[in-house]
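Inspection log for the structure reproduced underneath, given as structure tokens.
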Amino acid sequence: MTTNAQVRCRFAPSPTGYLHVGGARTALFNYLLAKRAGGTFILRIEDTDQTRNVRDAERQLLEDLRWLGLQWDEGPEAGGACGPYRQSEKLERYRAQARQLIDEGKAYYSFDTREELEAMRKAAEAAKRTFIYPRPKSFPSHADAQKARDAGRPVVVRLAMPERDITVSDTILGEVTIRAADLTDFVLLKPDGWPTYHFAVVVDDYDMKITHVLRGQEHLMNTPNHVALQWAFGYPTPVYGHLPIILNMSGSKMGKRDKDKAVRDAALAALKSGKVDDNALCQIADCPEFDQYLSWKEAQSQLTSEQLQRLGVALGIVLPEVQVHDFRQSGYLPEVLCNFLALLGWSPGDSREKFSMEELAAAFSIERINKANARFDRDKLLNFNLDGIAKATPERLLAAMRSYLEVSPASPFRGQSDETILNVLKLSAGVRTLREVETKAGALFVDDAAIRYDAAAVEKFLIKDAGAMGVLREVRKLLAELPTWETAALDAAVRAFVDEKKLKLAAVAQPLRIALTGGTISPAIFETLALIGREKTLRRIDRCLVSVGGAAIA
RNA sequence: GCCCCCAUCGUCUAGAGGCCUAGGACACCGGCUUUUCAAGCCGAGAACCGGGGUUCGAAUCCCCGUGGGGGCGCCA
């Protein structure tokens, strides 16, 4: 393998919220490319939109990346020789660079209002043409710009695009040529003096000596702009690779909108059935204005993740995971998510599918990235996670569970000892997610008072079977008198009892399960008894005999 | 409306002109196992978007359709 210490890749998110899977895949590919080449992985924060920056978003972003295992070599909190790594900290640099282009006649001021621009765009569409900004014959001076500012007009700086076709050499897609007639003079500096994304990206990629840029295909049409800017500055052009887009199963770009849609659909169904009204939903979502709720309901706007979460809980639906944080909360293993994401748009060429992060870094190559968009198949991810959990060592699983519990305040496993969690994990073999450990064994750890008896289960195993309550009483006695309380002894004693009574094991196991958990879901019954101990077992049997027995009589 | 990208089972993909009777994985379906829920085991079905070329030969190359996706911001 040839190592190239010069390879420098970056992931450059804007801090508008949690990291999306699409962003995670982009980060992963850049990380793998850098690691494969023995190069450097850089994190840069693109916070140039003052109106969209969300407080706390950067912290979430860093946490998500670290959770995934994508530690950056240079960037916020890591430092590095090419900083600052936040665009908001280098405004002077961008302004100076813009000034240089203006003075060289490569960029110019323009003063149009949004309304004027909108009218021009509309006119172009009506005439079935691409909108091209009408470049003035002679460029305004600095003094003209100041005068416009004083007059209250928005002053921006635009790049004078070269009047020639621009061919982007993309390592994944090949050569893509955009005709000069389709290129427009785009904005470099906004009226507030902040740089646009295009401008900051080009300056920063140069400042940070970026050699390879892997990014989503939605950026492909931005690339000619970036190339033109590099020409204007005399910067080298990095190697570009535009990754296929991750789509949801219905075939459109996967994004937070998918969550809005899931909740909206559920809300509309609930409204139709008369279960709730708009006022109630608005209140649950905690919308300050009713109009905000209405606009969301009509698919005109989106709600925050927190609002959707609340509505989801109230409507009884599970939101589709789209942000990395969601996957963590659902109990996915980060290494599994990375493995799965790596296969969306890349394949090793043989039939291997399961990779550790190290194996990925060793196998990854830019040549084997696909062109076609990929759908995000949750079923396959679930299966990968099942396999990942099954193959993980107990120590790894414990650590993953602790990490999961950090973001799951309501879990009954919070505050349990490592030993208990390790035990539960062992008994829960076969779960697909860490959260499923809760459905499988969570009821064993809630307060007795929180046990809710499942009506259908009670009916089937305790009432319809006329002898069941009696059996439960006899088993209780048996268990109370057992000399030792361990799996083998429990197993032997109960099986002997069952044989003697000519019963099936299920005739004892199912009533016991209901007594212990309220339903028919639990790990293997003898291990379960051993796990929770005699005291709790007897207490719960008594509780069941009383409450279900009472119900049976009534 | 304009510009761009893409096209193999339902989904992710292998396939770089003959190794293809198109391989793997998930899902689905059938069976086995079973103290529940899972899991596990065994098995089956399932695809080269259409039409033209090029070639002795095309899933693979070219063209045209069609379909899907993305972009067209003083968002990134």
Side-chain angles (χ1 to χ4, degrees), chain A residues 12-16 23 46-49 51-52 110 112-114 117-118 121 124-131 154-158 168 170 172-174 176-179 181-184 186-192 194 196-198 200-201 215-224 242 244-245 247 249 251-253 340 343-354 370-384 386 390 428-432 436 439-440 457 461 491 494-495 498 504-510 512-514 517 519-526 528:
Chain A
S14 62
T16 53
E46 309 223 326
D47 51 352
T48 57
D49 186 347
T51 64
R52 286 215 321 170
S110 69
D112 312 272
T113 63
R114 283 173 186 275
L117 285 167
E118 190 49 36
R121 289 199 182 93
E125 181 165 339
K128 304 191 176 195
R129 287 188 343 257
T130 303
F131 168 67
V155 175
V156 302
V157 176
R158 289 177 185 270
V168 176
D170 184 289
I172 298 166
L173 299 172
V176 179
T177 300
I178 309 299
R179 271 181 288 279
D182 293 319
L183 264 13
T184 188
F186 62 96
V187 173
L188 303 180
L189 284 187
K190 307 180 219 177
D192 62 7
W194 286 54
T196 59
Y197 156 76
H198 305 290
V201 159
R215 55 175 24 163
Q217 237 174 65
E218 66 268 23
H219 287 289
L220 184 58
M221 288 299 102
N222 294 331
T223 312
H242 288 91
I245 291 168
L247 310 174
M249 286 309 274
S252 50
K253 191 169 158 184
F340 181 75
L343 265 17
L344 253 33
W346 173 84
S347 78
D350 50 41
S351 56
R352 273 184 307 165
E353 280 200 314
K354 302 298 168 63
N370 299 131
K371 297 177 177 181
N373 294 166
R375 290 181 200 222
F376 192 94
D377 186 346
R378 295 170 189 283
D379 288 330
K380 184 153 181 166
L381 204 216
L382 231 21
N383 180 274
F384 267 44
L386 163 75
S428 302
V431 293
R432 297 183 298 179
E436 282 184 357
T439 39
K440 187 142 182 165
F461 294 105
D491 189 313
V494 172
R495 280 186 201 276
V498 158
K504 284 185 165 180
L505 185 51
V508 171
Q510 290 300 71
L512 266 180
R513 277 203 174 83
I514 294 170
T517 71
T520 60
I521 300 173
S522 88
I525 196 68
F526 303 120
T528 300

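The sequence lines fix the lettering, A, B, ..., with proteins before strands; numbering per chain opens at 1. These numbers come from the heavy atoms of this one structure, side chains and all, not from hydrogens, waters or symmetry mates.
For the P atoms, the distance from B:G71 to B:G30 is 41 Å, rounded to whole Å. Remark: the separation of the P atoms in B:A16 and B:G23 is 14 Å, to the nearest Å. B:C5 and B:C63 are spaced 12 Å apart, taking the P atom of each and rounding to whole Å. Nucleotides B:A59 and B:G1 have their P atoms positioned 35 Å apart, rounded to a whole Å. B:C32 and B:A14 are spaced 31 Å apart, taking the C1' atom of each and rounding to whole Å. To the nearest whole angstrom, the two C1' atoms, one in B:C4 and one in B:U8, are 24 Å apart. The gap from the P atom of B:G68 to that of B:C62 amounts to 23 Å, rounded to the nearest Å. Comparing the same atom, P, in B:U66 and in B:G51 gives a spacing of 15 Å after rounding to whole Å.
Looking at heavy-atom distances under 4.0 Å, A:Arg495 makes contact with a base. When heavy atoms are screened at a 4.0 angstrom cut-off, A:Arg114 is found touching base atoms of the nucleic acid. Residue contacts for A:Gly349: at a heavy-atom cut-off of 4.0 Å it reaches the sugar-phosphate backbone alone, with no base atom in range. Across all strands, A:Thr113 comes closer than 4.0 Å to base atoms (heavy-atom distances). Counting non-hydrogen atoms under 4.0 angstrom, A:Gly216 reaches nothing in the nucleic acid. Nucleic acid contact for A:Asn222: base, since at least one base atom lies under 4.0 Å from a heavy atom of the residue. A:Leu173 comes within 4.0 angstrom of the backbone, heavy atoms only, and of no base. Here A:Lys504 lies out of heavy-atom contact (under 4.0 Å) with every strand. Among the protein residues, A:Lys371 comes within range of the sugar-phosphate backbone only, with heavy atoms under 4.0 Å from sugar or phosphate atoms but none that close to a base. Backbone-only engagement by A:Arg375 is indicated by non-hydrogen atom pairs under 4.0 Å involving sugar-phosphate atoms exclusively. At the heavy-atom level, A:Thr48 lies under 4.0 Å from the strands shown only through sugar-phosphate atoms. Contact annotation for A:His242: no contact, since no heavy-atom pair falls under 4.0 Å across all strands. A:Asp112 comes within 4.0 angstrom of a base, heavy atoms only. Within the nucleic acid shown, A:Ala127 has no heavy atom closer than 4.0 Å to any nucleic acid atom.
In this structure A:Asp49 satisfies the salt bridge (charged side-chain N to carboxylate O under 4.0 Å, His left out) test together with A:Arg52, sequence neighbours excluded.
Searching all strands for a Watson-Crick or G-U wobble partner of B:A16 with both distances below 3.5 Å returns nothing. Pair assignment for B:G43: B:C29, on the basis of Watson-Crick or G-U wobble contacts that are both within less than 3.5 Å. Nucleotide B:C2 forms a Watson-Crick or G-U wobble pair with B:G71, both donor-acceptor distances falling under 3.5 Å. Across all strands shown, B:U34 forms no Watson-Crick or G-U wobble pair with both key distances under 3.5 Å. Using N1 to N3 plus N6-O4 or O6-N4 for Watson-Crick, or N1-O2 and O6-N3 for G-U wobble, each under 3.5 Å, B:U66 pairs with B:A7.
Here CG of A:Leu505 is found 4.5 Å from CZ of A:Phe526. Values are rounded to the nearest 0.5 Å. Rounding to the nearest 0.5 Å gives a distance of 9.5 Å between OG1 of A:Thr130 and CZ of A:Arg179.
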Does the side chain to side chain contact (heavy atoms under 4.5 Å, CB included) test come out yes or no for A:Ile178 and A:Leu183, once each step is laid out?
-> CA-CA 7 Å; A:Ile178 309 299; A:Leu183 264 13; 3.3 Å; yes
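When all heavy atoms of A:Phe461 and A:Ile514 are compared, the closest pair comes out as CB-CD1, 3.7 Å. Across A:Gln217 and A:Lys371, no two heavy atoms sit closer than the pair NE2-O, 3.2 Å. Annotation for A:Pro348 and A:Leu343: closest pair CD-CD1, 4.4 Å, computed over non-hydrogen atoms. Pairing each heavy atom of A:Leu512 with each of A:Ile525, the nearest pair is CB-CD1, 4.0 Å. Between A:Pro523 and A:Lys440 the shortest heavy-atom distance is CD-O, 3.5 Å.
Where A:Asn373 and A:Asp49 meet RNA chain B, the nucleotide closest to each residue was compared, and A:Asn373 sits on the side nearer the 5' end. Where A:Val187 and A:Trp346 each meet RNA chain B at their nearest nucleotide, the meeting point lying more 5' is that of A:Trp346.
With a heavy-atom cut-off of 4.0 Å to chain A, the contacted part of RNA chain B has its first and last nucleotide at B:G1 to B:A76.
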